[in-house]
Protein chains: 4
Amino acid sequence: MPRTKEQNDQMSAATRKKIETAGLACFVQKGFALTSMKDIAKAAGISTGLIYRHFASKQELFTQLVDNTMMEMAETIRFLDSDGNPSRTLTQVTSGLLKDIQGNEPISQYFILMTRSLLALEPLPQMSELKKIDLLLFQQTARLIEEGQKLGEFRQGDPYQLSLFFFSVIQGVADMKLFMGDRFMVPPVEDVMAFLYS
Amino acid sequence: MPRTKEQNDQMSAATRKKIETAGLACFVQKGFALTSMKDIAKAAGISTGLIYRHFASKQELFTQLVDNTMMEMAETIRFLDSDGNPSRTLTQVTSGLLKDIQGNEPISQYFILMTRSLLALEPLPQMSELKKIDLLLFQQTARLIEEGQKLGEFRQGDPYQLSLFFFSVIQGVADMKLFMGDRFMVPPVEDVMAFLYS
Amino acid sequence: MPRTKEQNDQMSAATRKKIETAGLACFVQKGFALTSMKDIAKAAGISTGLIYRHFASKQELFTQLVDNTMMEMAETIRFLDSDGNPSRTLTQVTSGLLKDIQGNEPISQYFILMTRSLLALEPLPQMSELKKIDLLLFQQTARLIEEGQKLGEFRQGDPYQLSLFFFSVIQGVADMKLFMGDRFMVPPVEDVMAFLYS
Amino acid sequence: MPRTKEQNDQMSAATRKKIETAGLACFVQKGFALTSMKDIAKAAGISTGLIYRHFASKQELFTQLVDNTMMEMAETIRFLDSDGNPSRTLTQVTSGLLKDIQGNEPISQYFILMTRSLLALEPLPQMSELKKIDLLLFQQTARLIEEGQKLGEFRQGDPYQLSLFFFSVIQGVADMKLFMGDRFMVPPVEDVMAFLYS
DNA sequence: GATGAATGAGCTTTCATTCAT
DNA sequence: CATGAATGAAAGCTCATTCAT
């Protein structure tokens, strides 16, 4: 009496989700290299072998997680930029990010994950990641900045470079928080965005 | 006839230097855990065994590198803060750092190394490092900022937290440069220091 | 479908046994330091990695083997000393040991292992072993000798020292057998115990 | 102004002697595998490279030392057996050996070295050693026992096997002394030789 | 002859991945 | 689908041996 296809699919999806959640937690906590498949399996409450039914390799699981994260982030930005006020939109996004970082929310650690994802791995698969990051996150933000510049809200300058610098600052703050823990308080939104108004 | 002591010392120093240079490059590029001693040996053009004549373990080599760069950095700052003009001093330091990062100079890699030093390793040896970093670099800069505040050059606020944020930005920029390569131009000094004047 | 717990336990126990058998043979033949995990794996017909599922380290495997054999030996003696005739009991034990040694039985290898356990290793873990050996084996035999003395079966003298000498002789015979192979015939029981009747 | 041939030979011999002395001490203390060439060089007060001018390998140095030891021992026995009283001669030899063992004299540890020499190494070179041991030490003692049997001093039986058992006991006592240290007192000569008179 | 820097094979150990069940 | 025993490549590290000086 085999299960129906729907039941199987549902179980499969649930398992996949468990793996992703466990994997994210582990990678953020200990980094790619020091996270073992056994760690992830244990955190997900399944066997190591089962992971390989859902992801071809540790690397692929990691890549998938980075992908997910980026999608989410880009999604956030897209939703927020509908109302025509770039300055307020970016302020809201930034404020949300800073709060996450201050509270050590998992989302805040995506920035750390993201940077790490590049350095640990062979050049080929990275390129595809890079393009996605570029497209989804940096370019989206660049467009937001460009609109702000047209409205006179932000200072002039290459929007894409300003976008990169914006994420540099966020990345740096996330790193410092991880590094210093309670000894570091995330700065106010105005400080983070100061360079856009000068 | 055996080599003279001078010859040996010279050879030793040259080899050690080669190892440190290669090690720094590898650690920055791939992180601690994913850098193998063989990688370093190959980059240095020597055998793996020889590294162990100069450093007792991979960990010790890494720690030494963090130490080195930190000292250098603290040195730089100390030399610069003699003339009584904090704003100009910090501008000079920042400008120097940004140039290093843009040119991929080894010193710029320090910030990346620093963050990495936390992950992947046992808490104890890190703690001593952390204290040194705290003392030499962050506190030194905090003092500089404090003086600038007294002179009305910088905005008010906890100098230590402002110092940490300053280094967050530098750290973020260094990471982004490593991440994006030629697609990222380091921002002008004014952008990096904007938050201090707002 | 996964294996049942029973199946796994059975496989596990079988593998563990193979490792112990192979390990004992290797350690006895070549000593601790010169026996490689690869040697043991090859002798057991498994991969090196698998050993580490069952023993945390080479050292722990070795310690386990010493433990095993000691327990077995002490067990033997305990069972035999119930009938109140120390001389006959010890004769039986000795006879059994000599037959084992002559036939290169695994138990005979214990004496060689025992001595080896001292060399090449840190003092701490050995000490605990030493105490167990002392207690279980030497003292047990000493008690047997003491009883024999009271019954006038054995010559007078410190029972513990006589016990140690007894095991010296057994140890020496086991070594010589290993050393000379077929060129050496183990001596008759009377020769080995001669000193107890003089 | 080069040294004369005599001077060179003398220096060479002195160095060789230093190496042998240092090597013996190290091997006895820590065994073959755990003694490094650096250990020996340091103990001899020379460089590691210099050892290789006198011995082709660690193995060969070890073999040489075992050889030396055996020669010495055989020499001792030969000298002692001139006066026509085998029982007294063997008693003297045994007494000397036991005293050495009790006092942890280096000579006493030759027995341990001797056994070890076999087990650590390839079969071919051992064979030559084995023959020498057989010839010089065991057979010499066997002859002594045979003479004693003719004179009615020792019990009957294959003299060679009795000789082997005699050395088994000595070997066992030396091992036990190493193993137990001060907790073990070497037995009186009569105990060690008891089996020869039964 | 003498040195010790340098090499690289080989060791113990870990862990991503496979596969019989 | 799910398990975890088993594999083996690769890591960090040691040390016998070589060789430029």
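Scope of the values below: all heavy atoms of this structure, side chains included, with no hydrogens, waters or symmetry mates. The sequence lines fix the lettering, A, B, ..., with proteins before strands; numbering per chain opens at 1.
- Judged by Watson-Crick or G-U wobble contacts below 3.5 Å, the nucleotide E:dA20 has F:dT3 as its partner.
- At whole-Å resolution of the value, CD in C:E6 and P in F:dG4 are 13 Å apart.
- The residue B:I46 sits close only to the backbone: its heavy atoms come under 4.0 Å of sugar-phosphate atoms, none of a base.
- Sequence order on DNA chain F of the closest nucleotides to C:M11 and B:S57 puts C:M11 first from the 5' end.
- Contact annotation: B:T48 does not reach the phosphate of F:dC13 (side-chain N/O to OP1 or OP2, under 4.0 Å).
- Between the P atom of F:dA10 and the OH atom of C:Y52 lies a distance of 18 Å, rounded to the nearest Å.
- Between D:Q64 and D:R16, some side-chain heavy-atom pair lies under the 4.5 Å cut-off.
- Straight-line distance from the CE atom of C:M37 to the P atom of F:dG8: 17 Å, rounded to whole Å.
- The nearest whole Å value for the distance from the CD atom in D:Q10 to the C1' atom in E:dG1 is 15 Å.
- Spacing between atom CD of D:Q59 and atom P of F:dT17 amounts to 9 Å, rounded to whole angstrom units.
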Should D:N68 and D:M71 be marked as a side chain to side chain contact (heavy atoms under 4.5 Å, CB included) after you check the CA-CA gap, both sets of side-chain angles, and the distance that decides it? CA-CA 5 Å; D:N68 288 353; D:M71 299 296 190; 5.6 Å; no

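- Protein atom NZ of D:K58 is 15 Å distant from nucleotide atom P of F:dT14, rounded to whole Å.
- Comparing D:T15 and C:Q7 by the nucleotide of DNA chain E that holds the closest heavy atom to each, the one mapping nearer the 5' end is D:T15.
- In this structure, C:R53 atom CZ and E:dA16 atom C1' are separated by 13 Å, rounded to whole Å.
- Mapped onto DNA chain F by nearest heavy atom, C:S47 and B:D39 fall at different nucleotides, with C:S47 at the one closer to the 5' end.
- Rounded to whole Å, atom P of F:dC15 lies 16 Å from atom CG of B:L50.
- In this structure, CZ on C:R53 lies 11.5 Å from CD1 on C:I46, to the nearest 0.5 angstrom.
- Ring geometry, C:F32 versus C:F27: the interplanar angle falls under 30°, so the pair is classed parallel (tilted spans 30 to 60°).
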From CA spacing to verdict: side chain to side chain donor-acceptor pair (under 3.5 Å), B:S36, B:D39: CA-CA 5 Å; B:S36 75; B:D39 289 340; 3.2 Å; yes

